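For reference, the structure is listed below as structure tokens.
Keep in mind that this is a model prediction, so the values were computed, not measured. What you see below is based on every heavy atom in this structure, not just the backbone, and it leaves out hydrogens, waters and symmetry mates.
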Amino acid sequence: SNQQEHTAAVTSVQFEPNGENAISSSADGIVWVWSASSGKRVHCLKGHQGVVYSAKYSPDASRIVSSDASQVRVWSSETGDCIWGRSTNLRFTLCTFAPGDDISSDFIFVAVSDKKRFWLEMFDVRQEDNDDDHNNLILTTRHPITSIHSGRRNSLLYGDCEGNIYCTKMF
């Protein structure tokens, strides 16, 4: 079915792993959770301060991670409540959950930039620590990261603006 609930460009879409629901993020600052079968809205995830660049389900579908330029948030996919957040004075772009099945809903990867350097950070969403120390560096890249996806067997696939694609084992 055709849905037009966002008021600006859609930046990402994804089906829930079991296919029951779907999510969409937008330049309007909102993440919608939709019923895949009926097309009806399930949750409206509000709280971002601008364009939501990325929204992804955890592999077990219990959580959703989303990011705008200055914050990343983790939401309960069951209730739509924000259960974790982090702000930065740098620039967040893309986000995803950690690869694998056993701990993947507790760890997220976020692409970060200070306009000169680009890197991926990992955050443990069980931690309340919400300071801006950026001590969670996982890897650095030479160019801005433009796409990121976590997969089975603990692998992280990402690409950059120069056309390079990388696959990295994380755990």
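- Checked against side chain to side chain donor-acceptor pair (under 3.5 Å), Gln71 has the following partners two or more places apart in sequence or in another chain: Asp68, Arg73.
- Donor-acceptor pairing under 3.5 Å is recorded for the side chains of Ser12 and Ser25.
- By the ring pair (Phe, Tyr, Trp, His ring centres under 6.0 Å) test, Tyr158 pairs with Tyr166, sequence neighbours left out.
- With hydrogens and angles ignored, the 3.5 Å screen pairs no side-chain donor or acceptor of Lys56 with any backbone N or O of Leu94.
- Under the 3.5 Å distance criterion, the side-chain polar atoms of Gln49 are matched with a main-chain donor or acceptor of Gly47.
- Every residue meeting the side chain to side chain contact (heavy atoms under 4.5 Å, CB included) condition with His143, not counting sequence neighbours, appears here in chain and number order: Asp160, Cys161, Glu162, Asn164.
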For this session: List the steps, then state whether side-chain contact (heavy atoms from CB on, under 4.5 Å) holds for His149 with Leu156.
Result: CA-CA 6 Å; His149 180 75; Leu156 189 66; over 6 Å; no
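- The minimum heavy-atom distance between Trp84 and Cys82, with the atom names listed, is O-SG, 3.4 Å.
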For this session: Carefully, step by step, assess Val125 and Phe107 under the rule side-chain contact (heavy atoms from CB on, under 4.5 Å).
Result: CA-CA 6 Å; Val125 301; Phe107 294 93; over 6 Å; no
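- Checked against side chain to side chain donor-acceptor pair (under 3.5 Å), Thr96 has no partners two or more places apart in sequence or in another chain.
- In this structure, the separation between CD on Glu78 and CD1 on Ile83 is 11.0 Å, given to the nearest 0.5 Å.
- Taking CD1 of Ile145 as the reference point, atom CZ of Phe109 lies at 11.0 Å (rounded to 0.5 Å).
- Ser26 places a side-chain N or O within donor-acceptor distance of the main-chain N or O of Ala8, the cut-off being under 3.5 Å.
- Residues passing the side chain to side chain donor-acceptor pair (under 3.5 Å) test with Ser76, sequence neighbours excluded: Thr79.
- Nearest heavy-atom pair across Ser87 and Phe92 is C-CE1, 4.4 Å.
- Taking Ile, Leu, Val, Met, Phe, Trp and Tyr as members and joining any whose side-chain heavy atoms lie under 4.5 Å apart, directly or through other members, the hydrophobic cluster of Val13 also contains Val10.
- Here the OG1 atom belonging to Thr141 is positioned 7.0 Å from the CG atom belonging to Leu120, to the nearest 0.5 angstrom.
- Between the CD atom in Gln14 and the OG atom in Ser24 there is a gap of 11.5 Å [rounded to 0.5 Å].
- Partners of Arg91 by salt bridge (Lys or Arg N to Asp or Glu O under 4.0 Å), not counting sequence neighbours: none found.
- Using a 4.5 Å cut-off between side-chain heavy atoms of Ile, Leu, Val, Met, Phe, Trp and Tyr, with links allowed through other members, Leu157 and Ile148 fall into different hydrophobic clusters.
- In this structure, Lys40 and Trp34 have side chains that are not in contact, with every pair of non-hydrogen atoms separated by 4.5 Å or more.
- A search for side chain to side chain donor-acceptor pair (under 3.5 Å) contacts involving Thr93 returns nothing, not counting sequence neighbours.
- Here the shortest heavy-atom pairing between Glu121 and Phe123 reads OE1-CZ, 3.1 Å.
- Counting only distance, with no hydrogens or angles, the side chain of Ser77 and the backbone of Ala61 share a donor-acceptor pair below 3.5 Å.
- Looking only at distances, no side-chain donor or acceptor of Ser58 sits under 3.5 Å from a matching main-chain atom of Phe97.
- Residues passing the side chain to side chain contact (heavy atoms under 4.5 Å, CB included) test with Lys46 are Ile30, Cys44, sequence neighbours excluded.
- Listed by chain and number, the hydrophobic cluster partners of Val52 are Ile23, Val31, Val33, Val42, Leu45, Tyr57, Ile64, Trp75, where partners are ILVMFWY side chains within reach of under 4.5 Å, directly or through others.
- There is no path of hydrophobic side-chain contacts, each under 4.5 Å, that joins Met122 to Phe118.
- At least one side-chain heavy atom of Cys95 sits less than 4.5 Å from a side-chain heavy atom of Ser54.
- Ion pair Arg126/Asp124 flagged as a salt bridge, since at least one NZ, NE, NH1 or NH2 atom sits closer than 4.0 Å to an Asp/Glu carboxylate oxygen.
- To the nearest 0.5 Å, atom NE2 of residue His48 and atom OG of residue Ser66 are 2.5 Å apart.
- Its side chain within the 4.5 Å cluster rule, Val51 clusters with Tyr53 among the Ile, Leu, Val, Met, Phe, Trp and Tyr residues.
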